[in-house]
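First comes the structure, then the notes that go with it.
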There are 2 protein chains.
Amino acid sequence: MPARARKPDEDVRTRTLRVATRMLAERGFDGTSLQDVADEVGVAKPSLLYHFPSKEALRAAVFAQMLGHWNVALPRILRAATSGEDQFDGVLGEMIRFFSEDPDRATLVLREVLDRPREMARVIKRHMKPWLDSVAGYIRKGQAQGHLHPDADAEAYVSHVTTFLISTIAVQRLLAPLPDAQSVRELVRMARASLFRTPPPAATKPAPARKSTARKKA
Amino acid sequence: MPARARKPDEDVRTRTLRVATRMLAERGFDGTSLQDVADEVGVAKPSLLYHFPSKEALRAAVFAQMLGHWNVALPRILRAATSGEDQFDGVLGEMIRFFSEDPDRATLVLREVLDRPREMARVIKRHMKPWLDSVAGYIRKGQAQGHLHPDADAEAYVSHVTTFLISTIAVQRLLAPLPDAQSVRELVRMARASLFRTPPPAATKPAPARKSTARKKA
DNA sequence: CCTACCGATCGGTAGG
DNA sequence: CCTACCGATCGGTAGG
């Protein structure tokens with residue numbers, strides 16, 4: 001008797017990670033019990049503790065999986081980044097893509113920042129700071145070249161755009177004050193307009209990006 | 001015997017609200033037990049349940065107190081709002097003041113959005129939407145007059161600036177990537193630069209505001 | 001991967 | 001405002 005597997009092609013560990021990711025994002029760590037997760041996965045509670053030695057370990061595994069996805073996406077983001085305006089859309093578009101393609105990622109990051117700020121400060125330093133710094137470097141270069149706002153604070157700008165982006169994606173789907181596309185479009189416009197001195201290049205769809213074959217722009 | 005009051009000039013209800021506000025912001029609702037709160041207030045757990053009939057009621061009271069503070073601050077914010085550039089700094093400055101003066105307010109709002117999105121959608125509609133809409137109206141007027149970016153989406157802009165502001169204040173003190181003043185300054189600059197067509201009026205300290213006696217600007 | 005069970009803690013009540 | 005106590009649920013273990 002194969003008991004009560006719901007997706008027989010997926011093993012318990014995989015299903016548990018998927019279910020736990022959703023529940024941790026939705027209810028938070030303290031609001032989610034192992035029993036809740038076990039019920040939804042379709043196994044007994046102690047079975048979870050065979051795959052993950054503790055609730056804390058499950059949390060860590062969920063987060064590690066998300067970090068893994070981030071590290072898969074990073075090369076693509078880095079490839080999009082070099083300098084100039086076209087690259088701006090590329091990088092921002094890839095970051096938006098990463099968090100929009102599974103908004104639980106944004107929610108999870110936000111919750112972790114609230115619940116375990118010290119640990120998250122370490123993770124950010126390790127996994128995001130390096131390339132945020134390099135983006136800040138490009139911004140300073142662009143400022144020296146004169147096409148970016150000279151009074152922008154490069155470090156604060158990249159840090160703020162990241163917070164802005166993650167928070168907006170996490171909050172947007174919960175409160176849904178306006179359509180998703182509209183929300184993203186204005187976010188991109190704001191990030192752009194507060195960085196570039198020149199107005200945006202007409203209505204050349206500034207959003208998701210990565211399809212653009214065009215090169216620099218002047 | 002007056003038992004073990006820590007601030008004898010403050011009654012238990014007041015102290016409980018103060019302690020609970022801090023703990024709910026720091027650990028969240030599910031991460032905070034009534035026993036934790038009682039211990040810190042210096043009373044027995046059932047005493048809390050005399051003042052607040054349930055944990056849920058305590059949460060509601062904490063949130064209601066914050067909403068009360070908001071409704072006290074609102075007139076000042078509305079007074080600062082009329083239209084144009086000087087008013088922009090006034091309104092934004094007052095909002096920043098409200099959340100910066102007690103960052104628990106920002107954290108609490110963020111947690112409530114994550115934990116009880118439906119209820120928070122109602123609260124926002126009731127307590128923030130009306131005047132966010134009126135700010136959006138001023139923005140559209142400014143766009144018609146030509147000194148604001150014509151491609152800005154007024155509704156999305158005000159909603160995003162609010163999210164941006166609350167998230168940044170809540171996250172900033174937890175991760176502290178950079179000094180508070182620097183963080184706020186860049187936030188204001190970004191909000192400004194993404195709305196106004198003209199560059200900011202030199203280095204005329206654009207931030208906290210409300211001391212400004214200057215009137216419109218041209 | 002299961003059943004059976006553990007001590008600890010949860011929010012809340014009785015009763016004064 | 002307290003002591004004493006409640007049933008329910010928590011994360012986790014024993015043992016197979």
Side-chain angles (χ1 to χ4, degrees), chain A residues 1-64 108 111-112 115-116 119, chain B residues 1-64 108 111-112 115-116 119:
Chain A
M1 268 171 265
R4 38 183 160 153
R6 294 189 188 174
K7 294 197 180 185
D9 53 320
E10 218 184 14
D11 66 8
V12 169
R13 190 166 201 283
T14 308
R15 261 182 300 151
T16 300
L17 281 174
R18 187 168 41 77
V19 167
T21 298
R22 184 168 40 79
M23 295 187 78
L24 290 181
E26 192 171 317
R27 318 184 191 176
F29 184 78
D30 292 316
T32 304
S33 72
L34 290 176
Q35 192 64 65
D36 292 339
V37 177
D39 288 348
E40 188 129 339
V41 171
V43 296
K45 191 179 61 174
S47 303
L48 293 190
L49 293 161
Y50 165 77
H51 294 282
F52 306 94
S54 69
K55 189 187 181 187
E56 185 55 43
L58 176 57
R59 185 223 296 255
V62 164
F63 196 78
L108 221 53
R111 282 200 184 275
E112 290 283 307
D115 289 345
R116 307 161 69 240
E119 291 81 350
Chain B
M1 266 171 264
R4 36 179 161 155
R6 296 190 184 170
K7 295 196 175 182
D9 54 321
E10 216 183 16
D11 67 8
V12 170
R13 191 169 200 282
T14 309
R15 260 184 298 149
T16 301
L17 282 174
R18 187 169 41 77
V19 167
T21 298
R22 185 169 40 79
M23 295 186 79
L24 290 181
E26 192 170 319
R27 317 183 191 178
F29 184 77
D30 293 316
T32 304
S33 71
L34 290 176
Q35 191 66 64
D36 292 338
V37 177
D39 289 348
E40 188 128 339
V41 171
V43 297
K45 192 179 60 173
S47 304
L48 292 190
L49 293 161
Y50 166 77
H51 294 282
F52 306 93
S54 69
K55 189 186 180 188
E56 185 55 44
L58 176 58
R59 186 223 297 255
V62 164
F63 196 78
L108 221 52
R111 282 199 185 275
E112 290 284 308
D115 289 346
R116 306 161 69 239
E119 292 81 351

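Naming: A, B, ... by sequence-line order, numbering from 1 per chain.
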For D:dG16, the nucleotide meeting Watson-Crick or G-U wobble distances (both under 3.5 Å) is C:dC1
Here the distance between atom P of D:dC6 and atom CD of B:Gln35, to the nearest Å, is 17 Å
Here the distance between atom C1' of D:dC10 and atom CG of A:Asp39, to the nearest Å, is 14 Å
### Message
Contact between B:Phe29 and B:Glu56 at the side-chain level, heavy atoms closer than 4.5 Å - yes or no?
### Response
yes
Out of C:dC2, C:dT13, D:dT13, minimum distance to the side chain of A:Leu49 belongs to D:dT13
task: Answer with yes or no whether B:Lys55 presents, from its side chain, a donor or acceptor under 3.5 Å of a partner atom in the base of C:dG12.
output: no
Check: Is it true that A:Arg27 and A:Asp36 have a side-chain N and a carboxylate O under 4.0 angstrom from each other?
Finding: yes
Quiz item: Is any side-chain N or O of A:Ser33 closer than 4.0 Å to OP1 or OP2 of D:dC10?
Solution: yes
Side-chain atoms of A:Ser54 come closest, of C:dC2, C:dG12, D:dG12, to D:dG12
- Message: Using a 4.0 Å heavy-atom cut-off, does A:Leu34 contact any base of the nucleic acid, only the sugar-phosphate backbone, or nothing at all?
- Response: sugar-phosphate
If you define the side chain from C-beta out and look only at heavy atoms, does anything of B:Leu58 sit under 4.5 Å from B:Leu34? yes
By the Watson-Crick or G-U definition, both distances under 3.5 Å, D:dC6 is matched with C:dG11
note: A:Arg59, atom CZ; D:dG11, atom P; distance rounded to Å ~ 12 Å
Heavy-atom nearest nucleotide on DNA chain D taken for B:Lys45 and for B:Arg13; more 5' hit belongs to B:Arg13
The residue, A:Glu56 or B:Ser47, whose nearest nucleotide of DNA chain D is more 5′ is B:Ser47
Do A:Phe63 and A:Leu24 have side-chain heavy atoms sitting under 4.5 Å apart?
no
Rounded to whole Å, CG of A:Asp30 lies from P of D:dT9 at a distance of 18 Å
B:Leu48 CG to C:dT13 C1', in whole Å, measures 15 Å
Output yes when B:Asp115 and A:Arg111 qualify as a salt bridge under the 4.0 Å nitrogen-oxygen rule, no when they do not.
yes
When rounded to whole Å, the OH to C1' distance for the pair A:Tyr50 and D:dG15 reads 15 Å
Separation of C:dC10 atom P from B:Asp36 atom CG, nearest Å, is 6 Å
